[in-house]
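To start, the structure under review is shown below, and the notes come after it.
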Amino acid sequence: MTGQTTILGLESSCDDTAAAVVRQSGDQVTILSSVVFGQTGLHSAYGGVVPEIAARAHTEKLDLSVKEALQQAEIRLSDLDAIAVTAGPGLIGGVLAGVMCAKGLSAATGLPLLGVNHLAGHALTPRLTDGVAYPYLMLLVSGGHCQFLIVRGPEDFTRLGGTIDDAPGEAFDKAARLLGLPQPGGPAVEAEAMQGDAARFALPRPLLDRDDCNLSFSGLKTALLRARDRLVAEQGGLTRQDRADLCAGFQQAVADVLSAKLRRALADYLGEVPGRLTVAVAGGVAANATIRARLETVCADLGALFVAPPLALCTDNAAMIAYAGLELFGAGQRDDLTLSARPRWPLDQSRPALVGGGRKGAKA
Ligand code: KG4
Ligand code: ZN
């Protein structure tokens, strides 16, 4: 080796086909390229990701994304040290497409293969973007994931809690659908909420009475549906203000739940890892200004450093997979052509599974 390590990463576990090249030279880690082909348009008519359509689109786009990632990085396959690929958890057809593509590249070049856990990719991103040192507390909040993790190493995670039903982004998307707003629902609900009165509707804060770090969002969605139906029954429809107030109330409830559970998770974290406190967030929901501000306030109250990677690296991408691959490669991991795709792959295998698969795949 030349003192530098260059990894190609592939990601195809949900509805983004992505390839990226990440290079480490000494202490310096650089993203040489990061290409993402989204599929929103392909699924929009169905109100959610259709696994077969996603898998087909990944198969069509993977080669192209690899080609573009190499071109943008201005390198060739022969300049790589290894190929990292999301091997789970996620929608099995998409994960398989990525794993098969990576195996083909590995067989053709002789480069080692590294199977990466998608959630580990998210969880290690603050190290890529901000050089955060182990250990730290991670909150994943996206359309498919919601969990609190203590991150101690590239394969050392303790799950403190997570959603027992919907992920928060999934709840935002469903809320938007109930109110006739466009997808993805999060940004649409946030925009409406700006004009709304969060106190007008009494919506529940699920599981806040439980002294643990688990969360639930499906009851909140049902309460929103009831409030909407009551208004429709009383007045024959929703006014603009009704919609804004419902959005504000919903967003406030999610913010209350996430911030209260973060407080609880920080207490649990300190019980296990006394001393330095860094909290990192990842996932599309972390883009919500109200939610982000509430999480920042909790961190400021408790003296924790708050790290939020730039949005393009918070949401699904392959740079995070290449980076996780880099850490695994450094730790001596090597996979081979027996690598298999895993629809379920909890980061913390010692804790029981919390939920079944969601709209955007297994939340593990
Ligand atoms: O991390 P992400 O891009 O994809 C995966 O789920 O893997 O997250 C997308 C989710 C969607 O459900 C979207 O509605 C939500 O993040 N989201 C938001 C906001 N922007 C995106 N939720 C609330 N507020 C936002 N501003
Ligand atoms: Zn993800």
Side-chain angles (χ1 to χ4, degrees), residues 9-18 34 36-40 43-44 47-49 54 58 86-91 94-95 98 116-125 138-147 149 162-163 166-179 181-194 196 217 220-221 247-248 250-255 257-258 280-295 308-321 323-324 343 345 347 357-364:
L10 298 181
E11 157 60 35
S12 56
S13 64
C14 188
D15 57 352
D16 291 299
T17 314
S34 181
V36 181
F37 290 108
Q39 301 180 355
T40 312
H43 303 287
S44 56
V49 178
H58 286 309
T86 299
L91 300 173
V95 179
V116 172
N117 183 309
H118 175 86
L119 301 173
H122 280 301
L124 299 179
T125 300
M138 182 79 208
L139 168 57
L140 289 183
V141 273
S142 71
H145 323 297
C146 183
Q147 48 188 296
L149 296 162
T163 183
D166 290 353
E170 192 175 358
F172 267 100
D173 293 341
K174 287 177 179 170
R177 223 167 289 131
L178 290 177
L179 299 174
L181 297 169
Q183 298 292 314
V189 170
E190 182 175 22
E192 286 289 320
M194 278 175 197
F217 296 100
L220 178 55
K221 170 198 67 195
C247 286
F250 176 84
Q251 177 176 273
Q252 193 68 38
V254 175
V257 170
L258 286 173
V281 289
V285 179
N288 184 289
T290 303
I291 291 173
R292 188 186 278 240
R294 292 288 301 280
L295 299 177
L311 195 59
L313 294 171
C314 265
T315 55
D316 286 353
N317 67 89
M320 69 180 190
I321 303 303
Y323 178 75
W345 186 0
L347 279 179
R359 178 179 62 84
K360 286 192 144 195
K363 296 174 198 84

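Remember, it's 1-based here, ligands and their atoms both numbered in the order they're listed. Here the structure is a predicted model, which is why all the values come from computation and not from measurement.
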| message | Ring centres under 6.0 Å, that's the criterion: do F250 and F172 meet it? | response | yes
| query | About how many Å separate CG of L258 and CG of N288, when rounded to the nearest 0.5 Å? | reply | 9.5 Å
| request: State whether the shortest distance between N or O atoms of G169 and N or O atoms of ligand 1 falls below 3.5 angstrom. | output: yes
| query | Any idea which part of T315 is under 4.0 Å from ligand 1, heavy-atom wise: side chain, backbone, both or neither? | reply | both
| Parallel under 30°, tilted from 30 to 60°, perpendicular over 60°: which one fits the rings of H145 and H118? | tilted
| said: Nearest 0.5 angstrom please: E192 CD to L179 CG, how far? | reply: 8.5 Å
| note | Heavy-atom nearest pair, D166 first then F217, reads O-CD1, 3.5 Å
| Rounded distance (nearest 0.5 Å) linking atom CD of Q147 with atom CG of L139 | 9.5 Å
| said: Need one value: angle at the Zn ion (ligand 2), H122 atom NE2 versus H118 atom NE2, rounded to 10 degrees. | reply: 90°
| said: Using a 3.5 Å cut-off on N or O atoms only, is C314 in polar contact with ligand 1? | reply: no
| Polar atom proximity, F172 to ligand 1 (N or O, under 3.5 Å) | no
| Interatomic spacing from SG in C314 to CE in M320 - rounded to 0.5 Å | 10.0 Å
| message | Out of all atoms in ligand 1, which are within 4.0 Å of some heavy atom of G283? Include the element for each. | response | 1 (O)
| remark: One should read off an interatomic distance between L91 CG and H58 NE2, to the nearest 0.5 angstrom, of 7.0 Å
| task | Determine, using heavy atoms of C14 and all atoms of ligand 1, whether some pair is separated by less than 4.0 Å. | result | no
| field | G186, any N or O under 3.5 Å of ligand 1 N or O | value | yes
| request: Please identify which atoms of ligand 1 are closer than 4.0 Å to at least one heavy atom of G144. | output: 6 (O)
| field | Contact summary for R292 and A287, nearest pair of heavy atoms | value | NH2-CA, 4.3 Å
| task | Please could you name the atoms of ligand 1 that D173 approaches to less than 4.0 Å, counting only its heavy atoms? | result | 11 (C), 12 (O), 13 (C), 14 (O)
| message | Can you confirm, on distance only, whether ligand 1 has an N/O atom lying under 3.5 Å from any N/O atom belonging to H145? | response | no
| said: Given G284, A191, P187, identify the one with the heavy atom nearest to atom 1 (O) of ligand 1. | reply: G284
| note | The atoms of ligand 1 lying under 4.0 Å from a heavy atom of G143, numbered in the order shown, are 5 (C), 6 (O), 8 (O), 9 (C), 10 (C), 12 (O)
| Can you give me the OD1-the Zn ion (ligand 2)-NE2 angle for D316 and H145, to 10°? | 160°
| said: Heavy atoms only: which of L140, D316, T290 lies closest to atom 7 (O) of ligand 1? | reply: D316
| task | Find all atoms of ligand 1 within a distance of less than 4.0 Å from any non-hydrogen atom belonging to E190, and give their numbers and elements. | result | 25 (C), 26 (N)
| request: Give the minimum heavy-atom separation between Q251 and E190, together with the two atoms involved. | output: OE1-CA, 3.4 Å
